[in-house]
Amino acid sequence: MDDLQNRTQEAVAAVSNAASLDALDALRVEALGKQGWVSQLLKTLGKMTPDERQEKAPKIQSARVAIADAIEARKAAIEAEELERRLATETLDLTLPAPQTPKGSVHPVSQVMDELSEIFADLGFAVKTGPEVEDDWHNFTALNMPESHPARAMHDTFYFPDHDGEGRRMLLRTHTSPVQIRTMVAEGAPVRIIAPGRVYRSDSDATHTPMFHQIEGLVIDRDIHLGHLKWTLETFLKAFFEREDIVLRLRPSYFPFTEPSVEVDVGFEVVDGKRVLGGSGDAPGHGWMELLGSGVVNRRVIEFAGLDPDEWQGFAFGVGVDRLAMLKYGMDDLRAFFDGDRRWLQHYGFSPFDQPTLSAGVGAPIGGRA
Ligand code: DAH
């Protein structure tokens, strides 16, 4: 067994001096490979008497472990040396142009939300968010839609099977309007916010997906009236579509959370067979398209949120972000927004270096200026 110890020491010493990974591997094969001397010794165990095996097996095993460990350690050392050597010889010329690598792009929905945030920030609006998993009080009741309200049924709501720990009925929010309530409850008045985000309804075809995006607007202050709403929407749409000739038509409508409620149509003209916002609406070849819902915040909503409706009034609006993106950038199938097809993303996506700012223009050109 002295012989085994000597051989092991020699092997470990040789391993520690191995100059390269190839040399190291040759040493590994010599000792631990199928025909290696340690492997051969291990094979002799089978023919030994139990006593003899009990004495020799641990020694052979520890020789194997000692050599294997030495190889492992030397391998790590050689690799580290090689890396050091490479780093010492390589230089990086930072003045060279960046290599062509696959690039990600900013999704049009993100881009449009950023454009909207930029436009509304300029008008003094803060950006708020709320939870996508909502309770039915915030999503419905506080927005003046009690349990029995028919509007609840129209929302095709995804409910969770169980109530939460406090006995609340939970759902995926069907609109961004609950952020109105959350903001008023948390911050009181005055309020001037927009709330962009995901909303969910059980609906699916070329113009509806079960998840889509809305942006909510809410202004609460003293003596607010419909004129403020109209000016705000006009200013926002002109900035967003980058056209001065955006005309609005306010039509009476009904939403439980606004009174009066108005549906807002925008004038369009037809250019190359496509509807483009702008123009006079009523002229021949022009028309009106329904764009968003809005109104004066219902007194009951202000009360639900804990404010005094005799002191505070406001207006609110809600608009589909995906729809705004389609109108501005010309996509016609909403489903493609959420397919994650790289060709679509490359074509309609935006460069991360091309973020909307009012000074540079909120209308980045579409498609791979990346
Ligand atoms: N929450 C409404 C919906 O999803 C949209 C809406 C209409 C929001 C009128 C408003 C509003 O804030 O005033 O259909």
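Residue numbers count from 1 along this sequence. Both ligands and their constituent atoms are indexed starting at 1 by order of listing.
By the 4.0 Å N-to-carboxylate-O rule, Arg74 lies close enough to Glu81 to be salt-bridged with it. Classification of Arg168 and Glu134 as a salt-bridged pair fails, no side-chain N sitting under 4.0 Å from a carboxylate O.
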- request: Under the ring-ring contact (aromatic ring centres under 6.0 Å, His included) rule, what do Tyr329 and Tyr348 come out as? Steps first, then yes or no, please.
  value: CA-CA 8 Å; Tyr329 295 116; Tyr348 286 111; 8.6 Å; no
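If you number the atoms of ligand 1 from 1 as listed, the ones under 4.0 Å from a heavy atom of Gln180 come out as 12 (O). Near Gly293, meaning under 4.0 Å from one of its heavy atoms, ligand 1 places the atoms 7 (C), 9 (C), 11 (C). Ligand-side atoms of ligand 1 in range of Gln214: 3 (C), 4 (O), range being under 4.0 angstrom from any heavy atom. Listed by number with element, the atoms of ligand 1 under 4.0 angstrom from any heavy atom of Gly295 are 13 (O). Taking every non-hydrogen atom of Thr258 and a distance limit under 4.0 Å, the qualifying atoms of ligand 1 come out as 13 (O). Using a 4.0 Å cut-off to heavy atoms of Phe255, the atoms of ligand 1 that qualify are 7 (C), 9 (C).
Taking 4.5 Å as the limit, some side-chain heavy atom of Glu115 sits within range of a side-chain heavy atom of Gln111. Looking only at side-chain heavy atoms (C-beta outward), Arg275 and Leu327 stay at 4.5 Å or farther from each other.
Only the backbone of Phe317 comes within 4.0 Å of ligand 1, counting heavy atoms alone; no side-chain atom from C-beta on gets that close. With a heavy-atom cut-off of 4.0 Å, Ser177 touches ligand 1 through its side chain alone. Counting heavy atoms under 4.0 Å from ligand 1, residue Arg201 touches it through the side chain alone.
Considering backbone and side-chain N/O atoms, His175 comes within less than 3.5 Å of an N/O atom of ligand 1. Checked against a 3.5 angstrom limit, the closest N/O atoms of Ala316 and ligand 1 fall inside it.
Checked against the 6.0 Å centroid criterion, the rings of Phe120 and Phe317 qualify as a close aromatic pair. Note: Phe338 and His213 meet the aromatic proximity criterion, with ring centroids under 6.0 Å apart. A distance below 6.0 Å separates the ring centres of His107 and Trp344.
Of the protein's non-hydrogen atoms, Gly318 CA, 4.2 Å is the one closest to atom 5 (C) of ligand 1. For atom 12 (O) of ligand 1, the closest non-hydrogen atom on the protein side is Glu216 OE2, 2.6 Å.
Heavy atoms of Phe257 come nearer than 4.0 angstrom to ligand 1 in at least one pair.
Glu311 CD: more than 12 foreign heavy atoms inside a 6.0 Å radius.
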